[in-house]
Amino acid sequence: MAIRLSLICLLVSVTAIAADLTPERYWNSALPNTPIPNSLRHLFTSDFSDEESTNVQVGKGGVNVYTGKGKPGGGTAVNVGKGGVHVNTGKGKGTHVSVSGGKGHGGGVGVHTGKPGKRTDVGVGKGGVIVHTRHKGKPVYVGVKPGHNPFAYNYAASETQLHDDPKAALFFLEKDMVPGKAMNLRFNAEDGYNGKTAFLPRGEAETVPFGSEKSSEILNTFSVKPGSGEAEMMKKTIEECEAKRVGGEEKYCATSLESMVDFSVSKLGKDHVRAVSTEVAEKNAPMQKYRIAAAGVKKLSDDKSVVCHKQKYPFAVFYCHKAMMTSVYAVPLEGENGLRAKAVAVCHKNTSAWNPNHLAFKVLKVKPGSVPVCHFLPETHVVWFSY
């Protein structure tokens, strides 16, 4: 009886620990006074996964876990017996929890649910509890021309990018940031998938291979065909993450929200830090002419900042970089169709170390280091700053 109660408590504890390690709760614990931008909050769940809750109830009959939409019989029954623990999902396929303490087993509890690569593994041993949630699916790649990230400043722009990349219009000169100024803009950034790609919890992200030396393993993990457009897109993202720094830039590719928080806090502190992003009133708003509203531009920061740009990848990866001599602005915009946007702009006062053929210089027809260069942030990007 004591063993049975211990196992029930263990299962409930594992559930509680897993829930407590959500990206949102990590943010709130690390930055209790910093609101989460909507652009990041929207990435907590993917367009390709079910947003359904899990309810755990403990009674005399054992533990019952409901993972459906409240339908009768949609639960998972957990039975504890001498042979271990068996979880019946109602489909004739169970999940076995093995309990051992003998030699050769290492002692502890192991839980395995689902097929390798698409399962949750829970291991309980002397080191504590470890929960790994494997992939539940991959967003569908619909095609995007692989091209360099225009916010990585050591790359030259191609002619195709100069004419076809909608992000080219996001660059402008600081002197033009005045009420009434008109610009053709589109803020929704295409990432090559037919829906938003979501954050993985850090515990899961750390188990996913990432790096040029693991290219074959990465493609196999995501079932991507070598040489395909998707493979090339992923390759470019990794290359940009591993590229040399520009000038005094400090950069980092965050593969989880938790690692983004840690990097930004390590550069700016956590006592007086904000994170903001562009917000547009309409989802997937088309390219159109916007004017800077009469309400005017507001400077949010005039020193150092950390800007994180969402990359093209099967799950949310952000290219973050800290640079000195930057200003952050809130810019109210009014579209020609009445659409309003609360845009965020970042201005770089020193561009002397940028590639002389960078997209910004091609668009604005200026030379590196000559004038401050600004750009609006697409909706899924975020800038951190101290205040």
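Along the sequence shown, the residues carry numbers beginning at 1. In what follows, every heavy atom counts, from backbone to side chain, and hydrogens, waters and symmetry copies are set aside.
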Glu174 and Val371, any side-chain heavy atoms less than 4.5 Å apart
no
Using distance alone, with no hydrogens and no angle criterion, decide if Lys310 and Thr197 have a side-chain donor and acceptor under 3.5 Å apart.
yes
Nearest 0.5 Å, please: how far is CG in Leu200 from OG in Ser256?
8.5 Å
Shortest non-hydrogen contact between Thr255 and Phe315, atoms and distance:
O-CE1, 3.5 Å
Salt bridge or not for Lys283 and Glu379, using N-O below 4.0 Å?
no
Under 3.5 Å donor-acceptor, Ser228 side chain and Lys225 backbone
yes
When the ring centroid of Tyr252 is compared with that of Phe318, is the distance short of 6.0 Å?
no
Say whether, by atom type as modelled, one donor and one acceptor occur between the side chain of Lys251 and the main chain of Glu240 under 3.5 angstrom.
yes
Near Lys289 NZ, under 6.0 Å, is it more than 12 heavy atoms from other residues, nucleotides or ligands?
no
Salt bridge or not between Lys349 and Asp303? Use side-chain N to carboxylate O under 4.0 Å.
no
Can you label the angle between the His321 ring and the Tyr319 ring as parallel, tilted or perpendicular, going by 30° and 60°?
tilted
Among Val307, Val373, Leu300, side chain to side chain contact (heavy atoms under 4.5 Å, CB included) partner for Val346
Val307
Examine distances only and state if a side-chain atom of Thr278 and a backbone atom of Val344 form a donor-acceptor pair shorter than 3.5 Å.
yes
Checking Ser301 against Tyr387 for the side chain to side chain contact (heavy atoms under 4.5 Å, CB included) test, could you report, in this order, the C-alpha distance in whole Å, the side-chain angles of both residues, the deciding distance, and whether it holds?
CA-CA 7 Å; Ser301 174; Tyr387 64 92; over 6 Å; no
Do side-chain atoms of Thr351 reach the backbone of Trp354 as a donor and acceptor pair under 3.5 angstrom?
no
Between the main-chain N or O of Cys347 and the side-chain N or O of Thr326, is there a donor-acceptor pair closer than 3.5 Å?
no
Decide yes or no on salt bridge (Lys or Arg N to Asp or Glu O under 4.0 Å) for Lys267 and Glu250, but give the supporting numbers first.
CA-CA 9 Å; Lys267 304 305 174 186; Glu250 297 180 62; 2.6 Å; yes
Any luck finding a side-chain donor-acceptor pair between Glu242 and Ser212 under 3.5 Å?
yes
Whether the Ser39 and Thr380 side chains hold a donor-acceptor pair (N or O, under 3.5 Å, no angle test) is what I'd like checked.
no
So does Ala293 get a backbone contact from the side chain of Lys181, meaning a donor-acceptor N/O pair under 3.5 Å?
no
Using modelled atom types and a 3.5 Å cut-off, is there a donor and acceptor pairing between side-chain atoms of His381 and backbone atoms of Leu377?
no
Determine the interplanar angle of the His375 and His309 rings, folded into 0 to 90°, and report it as parallel if under 30°, tilted if 30 to 60°, perpendicular if over 60°.
tilted
Are the side chains of Phe187 and Tyr290 in touch, meaning some heavy atoms are under 4.5 Å apart?
yes
Given the rule in the salt bridge (Lys or Arg N to Asp or Glu O under 4.0 Å) test, do Asp262 and Arg202 qualify, once you have shown the distances and angles that lead to the verdict?
CA-CA 11 Å; Asp262 289 351; Arg202 175 153 55 186; 2.7 Å; yes
Sidechain-backbone polar pair: Asn350 side chain, Ser352 backbone, donor-acceptor under 3.5 Å:
yes
Less than 4.5 Å apart, any side-chain heavy atom of Met260 and any of Val306?
no
Counting neighbours of CZ on Arg41 that are heavy atoms of other residues, nucleotides or ligands and sit closer than 6.0 Å, is the number greater than 12?
yes
Taking the six-membered ring for Trp, are Tyr313 and Phe210 ring centroids under 6.0 Å apart?
yes
Go through the side-chain N and O atoms of Asn337 and Gln288 and say whether any donor and acceptor fall under 3.5 Å apart.
yes
For Glu249 and Val246, indicate whether the former's side chain and the latter's backbone hold a donor-acceptor pair under 3.5 Å.
yes
Could you walk me through whether Cys320 and Cys253 pass the disulfide (SG to SG under 2.5 Å) check?
CA-CA 6 Å; Cys320 298; Cys253 271; over 6 Å; no
